[in-house]
Protein chains: 2
Amino acid sequence: MSNGRRLTRGKLSKLTGCNIETIRYYERIGLLPEPPRSAGGHRLYAEDHLKRLVFIRRCRELGFSLEEVRAFLALVDGGKYTCGEVKTLTLHHLQSIREKIADMRRLERTLAEMSAQCDGGTVPECPIIDALFETRL
Amino acid sequence: MSNGRRLTRGKLSKLTGCNIETIRYYERIGLLPEPPRSAGGHRLYAEDHLKRLVFIRRCRELGFSLEEVRAFLALVDGGKYTCGEVKTLTLHHLQSIREKIADMRRLERTLAEMSAQCDGGTVPECPIIDALFETRL
DNA sequence: TATAGGGCCTGTACTTACTACAGGTTCAAG
DNA sequence: CTTGAACCTGTAGTAAGTACAGGCCCTATA
């Protein structure tokens with residue numbers, strides 16, 4: 001049940017772990033709706049904002065871009081999204097994560113090999129530096 | 001041997017695969033030295049520039065930040081670097097790559113699990129969306 | 001009720017590593 | 001000599017925030 005508690009920006013920040021400036025940023029780019037204000041102009045958030053911000057942060061933690069988050073929110077806001085649409089977006093993202101992992105593993109392997117060539121001695125001749133000067137292709 | 005050929009920015013770009021604007025950018029931030037100019041003011045690069053740009057690009061491909069590249073170049077330019085210094089920087093970077101891979105694998109697993117929960121049907125109830133609204137701690 | 005000091009307000013600037021113009025000049029091939 | 005590609009400069013844009021400065025508000029305590 002929504003108890004009518006009103007949260008300041010600082011409280012929302014603490015509850016979600018989201019940086020206080022980032023909350024304002026999300027509002028500016030239209031991810032978080034403008035909340036009502038106090039007489040003095042302070043933002044007063046409700047449970048809905050909290051829920052939405054948790055959603056955004058969770059998406060970000062999972063590596064979704066803000067545009068992808070926006071797409072999710074549009075589906076949810078539209079009210080008539082389907083499971084299929086959501087799954088498509090998610091699988092797409094999963095694919096790109098997998099590609100990034102593959103890229104990083106190649107980097108890892110190359111760096112490990114380069115390091116292994118180098119004895120870390122005190123001479124000013126280094127196989128790592130040599131390798132970096134190599135045109136590869 | 002350095003044949004005294006002079007390269008335009010466009011040629012350097014083509015030879016290295018580095019975007020033509022990026023070359024100017026590297027010059028601006030002090031990674032690439034200012035080349036001599038033609039009478040009309042066009043940049044004329046020599047073999048040294050080519051070599052250095054290849055080095056920078058190779059570092060970038062391997063995921064080093066521009067500041068790390070700058071550090072490498074400072075060592076090389078200083079002339080009296082040691083293998084040990086280079087190896088330390090490289091192992092540091094390797095470590096951070098490994099951490100990133102671990103992070104990404106966690107994301108991958110979570111996303112795969114979430115997707116598996118979802119049958120992709122046409123109903124407007126989606127376990128992925130539900131999961132994204134969950135506060136996890 | 002007065003006040004102190006923390007929290008909030010706004011706008012703007014900075015970050016990384018580029019990329020993309022606009023508007024003008026130079027170069028080189030034919 | 002012409003013409004069109006390539007180059008020149010400065011500036012602005014990208015993602016996703018983060019970090020101020022300078023000023024106002026809010027509330028707990030005396």
Side-chain angles (χ1 to χ4, degrees), chain A residues 5-32 34-46 49 52-73 93 96-97 100 103 107, chain B residues 5-32 34-46 49 52-73 93 96-97 100 103 107:
Chain A
R5 74 172 156 153
R6 297 278 142 175
L7 302 162
T8 62
R9 189 150 60 99
K11 297 235 177 72
L12 193 60
S13 169
K14 249 153 218 156
L15 282 172
T16 58
C18 181
N19 183 297
I20 192 163
E21 295 292 324
T22 303
I23 295 174
R24 202 156 61 96
Y25 171 68
Y26 287 161
E27 179 179 319
R28 196 162 67 246
I29 64 172
L31 281 190
L32 212 50
E34 290 184 36
R37 303 283 186 127
S38 73
H42 286 201
R43 289 171 179 81
L44 294 174
Y45 296 97
H49 295 98
R52 196 178 180 91
L53 185 52
V54 165
F55 182 91
I56 297 169
R57 292 315 292 175
R58 190 83 184 90
C59 287
R60 294 290 301 125
E61 281 169 18
L62 289 169
F64 287 101
S65 72
L66 288 181
E67 283 317 301
E68 288 168 322
V69 179
R70 201 188 289 283
F72 273 139
L73 287 171
H93 177 56
S96 89
I97 293 283
K100 276 183 195 137
D103 287 349
L107 297 195
Chain B
R5 75 171 154 154
R6 295 278 140 176
L7 301 162
T8 62
R9 191 150 59 100
K11 298 236 176 68
L12 193 61
S13 168
K14 248 152 218 155
L15 283 171
T16 57
C18 180
N19 184 295
I20 192 164
E21 296 292 326
T22 303
I23 295 173
R24 200 156 60 97
Y25 170 68
Y26 287 160
E27 179 180 319
R28 196 161 67 246
I29 64 171
L31 282 190
L32 212 50
E34 289 184 37
R37 303 284 185 128
S38 73
H42 286 203
R43 288 170 181 81
L44 293 173
Y45 296 97
H49 295 98
R52 196 177 180 90
L53 185 51
V54 165
F55 182 91
I56 296 170
R57 292 314 293 175
R58 190 85 186 89
C59 287
R60 295 289 301 128
E61 281 170 19
L62 289 170
F64 287 101
S65 72
L66 288 181
E67 282 318 300
E68 287 168 323
V69 178
R70 199 188 290 284
F72 272 138
L73 287 170
H93 178 56
S96 89
I97 294 282
K100 277 183 194 137
D103 287 348
L107 297 194

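Letters A, B, ... mirror the listed sequences (proteins, then strands); counts begin at 1. Only a predicted model underlies this, so the values are computations on that prediction, with no experimental measurement involved.
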DNA chain D: 5'-most and 3'-most nucleotides touching chain A, 4.0 angstrom heavy-atom criterion: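 Listed 5' to 3', the contact boundaries are D:dA16 to D:dC26.
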Please list all pairs passing the side chain to side chain donor-acceptor pair (under 3.5 Å) test where one or both residues lie in residues 13-31 of chain B, with sequence neighbours left out.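 For residues 13-31 of chain B, and leaving out neighbouring residues, the side chain to side chain donor-acceptor pair (under 3.5 Å) pairs sorted by first residue read B:Glu21-B:Arg24, B:Tyr26-B:Arg57, B:Glu27-B:Arg43.
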Residues that [X] engages under side-chain contact (heavy atoms from CB on, under 4.5 Å), provided they are two or more places apart:
X	result
B:Leu73	B:Leu31, B:Arg52, B:Phe55, B:Ile56, B:Val69, B:Asp77
A:Ala71	A:Leu89
A:Lys11	A:Leu7, A:Thr8

Among residues at least two apart in sequence or on other chains, which ones pass ring-ring contact (aromatic ring centres under 6.0 Å, His included) with A:His93? A:Phe64
Sorted by chain and number, sequence neighbours left out, ring-ring contact (aromatic ring centres under 6.0 Å, His included) with A:His42 holds for none
Quick one: CG on B:Leu62 to CG on A:Leu107, what's the gap to the nearest 0.5 Å? 6.0 Å
Given side-chain contact (heavy atoms from CB on, under 4.5 Å), test B:Arg9 with B:Tyr45 step by step and report yes or no. CA-CA 7 Å; B:Arg9 191 150 59 100; B:Tyr45 296 97; 3.9 Å; yes
Just jot down the salt bridge (Lys or Arg N to Asp or Glu O under 4.0 Å) partners of A:Glu67, sequence neighbours excluded, or say none. A:Arg70
Can you sort out the partners of A:Arg60 under salt bridge (Lys or Arg N to Asp or Glu O under 4.0 Å), two or more places apart, ordered by chain and number?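 Per chain and number, A:Arg60 pairs via salt bridge (Lys or Arg N to Asp or Glu O under 4.0 Å) with no residue.
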Starting at CG of B:Leu31 and ending at C1' of C:dC18, how long is that distance when rounded to a whole Å?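 Distance, rounded to whole Å: 12 Å.
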If a protein heavy atom is under 4.0 Å from the base, mark B; if only from the sugar-phosphate, S; if neither, -; do that for nucleotides 23-30 of chain C going 5' to 3'. ---SS---
Hey, can you pull the residues of residues 16-26 of chain B with a non-hydrogen atom under 4.0 angstrom from DNA chain C?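 By residue number: B:Asn19, B:Glu21, B:Thr22, B:Arg24, B:Tyr25, B:Tyr26.
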Under a 4.0 Å heavy-atom cut-off, which of residues 64-72 of chain A touch DNA chain D? A:Ser65, A:Leu66
Look at the side-chain N and O atoms of A:Arg9 and state whether any lies under 4.0 Å from the OP1 or OP2 oxygen of C:dC9. yes
Side chain to side chain, A:Leu44 and A:Pro35, heavy atoms closer than 4.5 Å: no
Measure across A:Gly63 and A:Glu68 and return the closest heavy-atom pair with its distance rounded to 0.1 Å.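 Heavy atoms of A:Gly63 and A:Glu68 come nearest at O-OE1, 4.3 Å.
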